[in-house]
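Notes follow once the structure below has been shown.
Quick caveat, the model's predicted, so the values are computed rather than measured. What you see below is based on every heavy atom in this structure, not just the backbone, and it leaves out hydrogens, waters and symmetry mates.
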Amino acid sequence: MNWRKSTYSGGGAGDTCVEIAPLPTRIAVRDSKAPTRATLSFPAPAFAALVDHLKAGHPAPPLG
């Protein structure tokens with residue numbers, strides 16, 4: 001997979017963010033501090049909607 005780190009990563013060794021990797025129909029997400037641990041994946045349209053929501057200045061939706 002071709003992992004990308006956010007350009008907004010800051011401080012320290014630059015490992016304080018998540019990384020994403022595009023898959024054919026999904027987006028994989030992993031913790032940059034623990035890249036060998038489990039990843040999550042989301043349908044591409046759902047991930048795009050989340051990013052658009054955050055870019056519009058809205059808070060992240062609550063978990064659960």
Inset, instruction - Return yes if some donor-acceptor pair links the side-chain N/O of Thr39 with the main-chain N/O of Ala28 below 3.5 Å, else return no. - result: no
Please report, to 0.1 Å, the donor-acceptor pairs under 3.5 Å made by any side chain of residues 40-55, with sequence neighbours excluded.
unit_1	atom_1	unit_2	atom_2	d
Ser41	OG	Arg26	NE	2.9
Ser41	OG	Arg26	NH2	3.4
His53	NE2	Pro59	O	3.0

Inset, instruction - For Glu19 and Trp3, work out which heavy atoms get closest and say how close. - result: O-CZ3, 3.5 Å
Inset, instruction - Over all heavy atoms of both residues, which pair between Arg30 and Pro35 is shortest? Give the atoms and the distance, please. - result: NH1-O, 3.5 Å
Inset, instruction - Please report the shortest heavy-atom distance between Ser32 and Cys17, naming the atom on each side. - result: OG-O, 2.5 Å
Inset, instruction - Taking the side chain as every heavy atom from C-beta outward, state whether Met1 and Leu23 have any pair of such atoms under 4.5 Å apart. - result: yes
